[in-house]
Amino acid sequence: MLEERTVVETDVAIVGAGPAGLMLSHLLSRAGIDTVVVETRSREEIARTHRAGILEAGTVAMLTDSGVAGRVLSHGHEHEGTVLRFNGESRRIDFRELVGESVWLYPQNEVFTDLAAARERDGGVVHWEVSGTRVDELTTEHPTVRCTTADGEDLEIRARLLVGADGSRGVCRRQIPEDVRTDNFTEYPFAWFGILCEAPPSAPELVYATSPRGFALISQRSDTVQRMYFQCPPDTDAAEWDDERIWDELQARVDGPDGLTLKRGPIFDKTVLPFRSYVCEPLRYGNMFLVGDAGHTVPPTGAKGLNLAFCDVRVLAPAIVDFFETGDDAGLVGYSAQALERIWKAQNFSYWVTNLMHTAPDENPFAAKRRRGEFEALTGSVHGSAYFAESYTGWQDRT
């Protein structure tokens with residue numbers, strides 16, 4: 001007996017309804033291009049997942065200029081600089097003064113919430129909680145996605161183009177044959193111990209601190225909820241750390257002669273995040289294109305993950321529009337190479353900042369003093385500070 005399936009035809013099938021997949025669907029819809037999005041998780045689960053929350057100027061412009069929502073401006077917090085702190089001494093990098101840009105503190109789950117609401121508002125087709133997702137026929141003119149919906153309906157989506165936006169553990173990247181795909185990967189000898197706590201902000205801007213005890217990031221979420229991290233071994237068990245021990249460790253990482261004191265409060269979330277960098281080359285196989293974490297991941301030190309995903313979309317969306325409106329596939333042909341240029345810039349920045357601000361497990365006095373010299377060269381020079389500011393705010397490439 002033949003398996004019965006509901007067949008749906010569309011212009012672009014998108015696997016993954018995180019911010020990258022939804023933003024691409026939103027932009028294509030505005031250009032009159034039909035999309036169908038499938039996602040294994042529920043909308044509520046994604047909305048509850050706390051992720052990094054620093055948005056580059058170009059990312060904010062994509063949200064506001066495309067009509068997603070203005071909440072990033074009304075509910076987000078503009079940061080015109082950030083603080084680098086080395087052994088208790090703080091140096092501020094003034095983004096506005098150096099490069100004329102800012103970043104916005106706006107949690108990724110809020111970005112997702114805005115995008116999901118925009119797709120619902122505009123009648124976008126998004127299937128949540130699908131299972132058994134498979135992608136096939138990628139090198140043909142009609143790549144397909146097969147899955148089972150939350151209601152038990154077997155679905156076959158036939159598209160002209162397919163986009164993998166399904167994250168680092170998704171199915172799409174694995175469909176690129178190993179003799180075609182190059183996996184560029186490095187793993188760091190440390191992780192981040194992250195907390196969410198109920199407390200007011202400890203500083204007006206983010207503080208990136210390093211000390212002989214290791215790295216700490218004093219970040220924010222809102223006026224009442226804060227996000228903080230400290231460097232730890234990858235095998236750290238978060239359950240073994242009580243609130244008092246966590247706060248004492250964070251405070252020890254930022255202690256200095258200026259008396260910076262963290263504002264403590266109840267901790268309601270603890271997690272250990274491994275540190276890895278990965279880039280898939282190429283980002284295209286046949287008529288399938290990878291965006292976001294499906295094609296690359298970065299350590300969170302440089303605040304590039306979500307921003308890189310949006311930059312992929314900023315390159316791919318107009319290429320898809322050109323293809324459907326004029327038949328010109330030059331943008332699709334060049335997508336991988338163009339996106340990878342920025343990805344490797346971001347990988348370099350993230351790798352550099354990570355190694356500057358973290359204490360290696362086997363660090364000797366020479367390495368520690370060399371890092372101090374690098375910190376002085378960076379913060380003591382307008383040109384060094386401008387390089388950091390330009391990289392952190394996104395190289396002002398909003399095209």
Side-chain angles (χ1 to χ4, degrees), residues 2-3 5-18 20-21 23-25 27-28 31 33-40 125 127 130-148 154-185 278-297 308-309 311-341 343-344:
L2 293 177
E3 182 181 16
R5 286 186 171 273
T6 300
V7 177
V8 175
E9 295 188 354
T10 188
D11 295 325
V12 181
I14 301 174
V15 182
M23 175 55 84
L24 179 62
S25 176
L27 293 177
L28 295 180
I33 296 170
D34 188 50
T35 69
V36 175
V37 185
V38 299
E39 170 59 54
T40 59
V125 178
H127 295 281
V130 304
S131 59
T133 305
R134 304 197 312 275
V135 295
D136 301 297
E137 304 172 60
L138 302 179
T139 58
T140 74
E141 291 189 354
H142 296 285
T144 62
V145 179
R146 295 181 175 88
C147 62
T148 302
D154 291 323
L155 200 62
E156 180 174 314
I157 305 166
R158 298 176 182 173
R160 186 63 185 86
L161 302 175
L162 190 152
V163 176
D166 53 343
S168 59
R169 294 186 177 90
V171 300
C172 290
R173 184 177 71 219
R174 297 199 297 271
Q175 301 311 306
I176 303 178
E178 291 186 3
D179 61 346
V180 175
R181 187 183 77 230
T182 299
D183 295 311
N184 304 280
F185 175 80
Y278 171 80
V279 179
C280 175
E281 293 180 309
L283 297 172
R284 176 187 184 181
Y285 177 66
N287 281 314
M288 180 182 73
F289 303 82
L290 302 180
V291 298
D293 285 0
H296 46 81
T297 58
L308 263 187
C311 285
D312 292 345
V313 172
R314 198 156 65 222
V315 175
L316 184 58
I320 292 175
V321 172
D322 283 347
F323 175 72
F324 280 102
E325 289 187 348
T326 69
D328 184 358
D329 67 350
L332 296 179
V333 171
Y335 163 70
S336 181
Q338 185 177 351
L340 283 166
E341 285 186 12
I343 290 164
W344 281 115

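Predicted, not measured: the structure shown is a model, and the values here were computed from it.
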Output the distance between atom [atom1] ([X]) and atom [atom2] ([Y]), rounded to the nearest 0.5 Å.
{"X": "Glu39", "Y": "Cys147", "atom1": "CD", "atom2": "SG", "result": "11.0 Å"}
{"X": "Phe324", "Y": "Arg160", "atom1": "CZ", "atom2": "CZ", "result": "7.0 Å"}
{"X": "Thr133", "Y": "His127", "atom1": "OG1", "atom2": "NE2", "result": "11.0 Å"}
{"X": "Glu9", "Y": "Glu156", "atom1": "CD", "atom2": "CD", "result": "9.5 Å"}
{"X": "Asp312", "Y": "Ile343", "atom1": "CG", "atom2": "CD1", "result": "4.5 Å"}
{"X": "Leu161", "Y": "Asp11", "atom1": "CG", "atom2": "CG", "result": "8.0 Å"}

Would you mind reporting whether [Y] and [X] have side-chain heavy atoms less than 4.5 Å apart?
{"X": "Cys280", "Y": "Arg181", "result": "yes"}
{"X": "Val333", "Y": "Arg284", "result": "yes"}
{"X": "Leu332", "Y": "Ile320", "result": "yes"}

Minimum heavy-atom separation for [X] and [Y], please, with both atom names.
{"X": "Leu283", "Y": "Gly295", "result": "CD2-CA, 3.9 Å"}
{"X": "Val163", "Y": "Leu316", "result": "CG2-CD2, 4.0 Å"}
{"X": "Asp293", "Y": "Arg173", "result": "O-NH1, 3.7 Å"}
{"X": "Tyr335", "Y": "Val291", "result": "OH-CG1, 3.4 Å"}
{"X": "Leu155", "Y": "Arg5", "result": "O-NH1, 3.1 Å"}
{"X": "Asp154", "Y": "Thr148", "result": "OD1-OG1, 2.9 Å"}

Geometric class of the Tyr278/Phe185 ring pair [parallel <30°, tilted 30-60°, perpendicular >60°]: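 Rings of Phe185 and Tyr278: tilted, as their planes differ by 30° to 60°.
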CA sep, side-chain torsions, deciding dist, call: Arg134, Val171, side-chain contact (heavy atoms from CB on, under 4.5 Å): CA-CA 7 Å; Arg134 304 197 312 275; Val171 300; over 6 Å; no
Derivation of the side-chain contact (heavy atoms from CB on, under 4.5 Å) call for Ile176 and Met288: CA-CA 9 Å; Ile176 303 178; Met288 180 182 73; 3.8 Å; yes
Test item: side-chain donor near acceptor, Thr10 and Asp34, under 3.5 Å: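 Present: a donor and an acceptor within the cut-off.
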Asn184 side-chain N/O to Val279 backbone N/O, donor-acceptor pair under 3.5 Å: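 Side chain of Asn184 to backbone of Val279, a donor-acceptor pair under 3.5 Å: yes, one is there.
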Arg158 side-chain N/O to Val8 backbone N/O, donor-acceptor pair under 3.5 Å: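 Absent.
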side-chain contact (heavy atoms from CB on, under 4.5 Å) between Leu138 and Cys172, worked out: CA-CA 10 Å; Leu138 302 179; Cys172 290; over 6 Å; no
Working for side-chain contact (heavy atoms from CB on, under 4.5 Å), residues Leu27 and Val313: CA-CA 9 Å; Leu27 293 177; Val313 172; 3.8 Å; yes
